[in-house]
Amino acid sequence: MKCVQVARLELPIGLDSLRAFHDFVARETLQAGLPEPDAGLFDIAALEVFTNIVRHTKGLPDHAMVKVSAYCTAQEFVLEVVHPGEAFTPPKHLPAAELADFPEGGFGLSIIHQACDRVTYTHGHGANTVRLGRNIRP
Amino acid sequence: MEKQFSLESAMSDHDVLVITLREDHLDAGNVLEFKDAIQAAIQGKTRVVLDMSGVKVVDSSGLGALISCLRLLNSQHGDFKLCAMSKTIRALFELMRMHRLFSIYTSRDDAVGSFAEVS
């Protein structure tokens, strides 16, 4: 296990924060020793989470911030994203995109679930918490 | 000031327009600018290769924009081919089964040359 400390970042919720968010996640997946392309795909999944927060969260207060933590357990690398706003209900089933229709959207959740080994969502005390986990292979 | 997506385009062999992205991210943060820039570049063209050698990150918004280009070119009886992807982006395309939708080549020369087969 290479990431023994919890790394933290706090950013304004907006697309202007996307690059700083990605750079943080990429640095931490590298530090954790996730192999490619797993690390890169995990980074993209994290981007999808951040973009969904920006685009879809209801009830965001002015100047809302997102708090990001990255750490390792014995088995996995974990990225935790906490943000204010109303609770939401993640879809239970992901409809497979029909490629013959040339779909131009709807890939985000699919990327999140396929690029991560574990995805959890909780809501409490006015905050939403999304945790993404990727197994660390010895 | 309005943001612009930086790309270069040049005609190559077989009447192929090669577009090279000068941004290393194609994501929700710049996808609207990308769409504006590439739609202007491919206007009236039917043979287009997108050189992705400088691109490190593509997200779902970027995938959607690329499919939009493919759809547009196909509707004009043309084709939109991709080349020089990083391993991560190639893995993303495979994860989302997009590699079945696009013609993807290792190098720019291979992508441009593939149009010769249909000349």
Side-chain angles (χ1 to χ4, degrees), chain A residues 11-27 29-30 34-57 66 94-117 132 134, chain B residues 1-3 5-6 23-36 38-39 52 54-80 82 85-104:
Chain A
L11 289 167
I13 296 178
L15 291 179
D16 287 344
S17 297
L18 212 52
R19 177 63 69 114
F21 176 79
H22 174 266
D23 290 349
F24 171 83
V25 177
R27 187 172 63 243
T29 53
L30 181 68
L34 292 184
E36 290 294 350
D38 297 12
L41 293 174
F42 187 95
D43 299 345
I44 295 168
L47 268 186
E48 301 295 342
V49 169
F50 194 91
T51 302
N52 283 347
I53 291 169
V54 174
R55 286 180 170 165
H56 302 304
T57 304
V66 63
L94 300 173
E98 182 50 65
L99 293 180
D101 297 335
F102 290 66
E104 294 179 24
F107 309 120
L109 282 175
S110 184
I111 292 172
I112 292 168
H113 283 275
Q114 292 191 67
C116 301
D117 292 306
L132 306 181
R134 183 74 190 179
Chain B
M1 194 173 69
E2 190 175 322
K3 289 192 293 185
F5 194 98
S6 180
E23 311 263 352
D24 61 358
H25 280 224
L26 175 53
D27 59 27
N30 62 7
V31 72
L32 294 179
E33 291 81 8
F34 169 77
K35 283 182 175 178
D36 286 345
I38 199 161
Q39 282 175 5
M52 302 181 72
V55 183
K56 296 176 183 171
V57 173
V58 175
D59 72 355
S60 63
S61 301
L63 287 178
L66 295 177
I67 290 175
S68 174
C69 294
L70 179 64
R71 182 202 289 260
L72 176 64
L73 267 296
N74 283 2
S75 73
Q76 298 168 352
H77 307 290
D79 206 352
F80 180 71
L82 308 175
M85 285 180 176
S86 72
K87 286 183 180 174
T88 297
I89 295 174
R90 173 76 198 194
L92 176 68
F93 271 68
E94 290 179 4
L95 193 72
M96 300 309 296
R97 297 177 296 130
M98 297 290 175
H99 62 302
R100 299 181 186 177
L101 205 55
F102 287 91
S103 298
I104 302 172

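Quick caveat, the model's predicted, so the values are computed rather than measured. Side-chain atoms are counted along with the backbone in the values below, which use heavy atoms only and exclude waters and symmetry mates. Residue numbers start from 1 in every chain, and the chains themselves are labelled A, B, ... in the order their sequence lines are given, proteins ahead of strands.
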- Item | Minimum-distance pair of heavy atoms, taken over all atoms of A:Gly108 and B:Ser60 | N-CB, 3.7 Å
- Query: Looking at B:Ala28, B:Ser61, B:Gly29, which one has more heavy-atom pairs under 4.5 Å with chain A than the rest?
  - Reply: B:Ala28
- Supply the atom-to-atom distance B:Leu92 CG to A:Phe107 CZ, rounded to the nearest 0.5 angstrom. 10.0 Å
- Query: Judged by atom type as modelled, is there a donor-acceptor pair below 3.5 Å linking the side chain of A:Gln114 to the main-chain atoms of B:Met96?
  - Reply: no
- Note on the structure: Residue from A:Thr51, A:Ile44, A:Leu15 scoring the most non-hydrogen pairs under 4.5 Å with chain B is A:Ile44
- Query: Counting only heavy atoms not in B:His77, do more than 12 fall under 6.0 Å of its NE2?
  - Reply: no
- Message: Less than 4.5 Å apart, side chain to side chain, heavy atoms only: is that true for B:Asp24 and A:Arg19?
- Response: yes
- Message: Nearest 0.5 angstrom please: A:Asp23 CG to B:His25 NE2, how far?
- Response: 6.0 Å
- Are A:Phe50 and B:Asp59 side-chain neighbours, meaning at least one heavy-atom pair lies under 4.5 Å? no
- Relative to chain B, which segment of A:Ile111 carries a heavy atom at a distance below 4.5 Å: side chain, backbone, both, or neither? both
- Task: For A:Asp43 and B:Val57, run side-chain contact (heavy atoms from CB on, under 4.5 Å): C-alpha distance rounded to whole Å, both residues' side-chain angles, the deciding distance at 0.1 Å, then the answer.
- Result: CA-CA 9 Å; A:Asp43 299 345; B:Val57 173; over 6 Å; no
- Query: Are A:Leu18 and B:Asp27 close enough that some pair of their side-chain heavy atoms sits under 4.5 Å apart?
  - Reply: yes
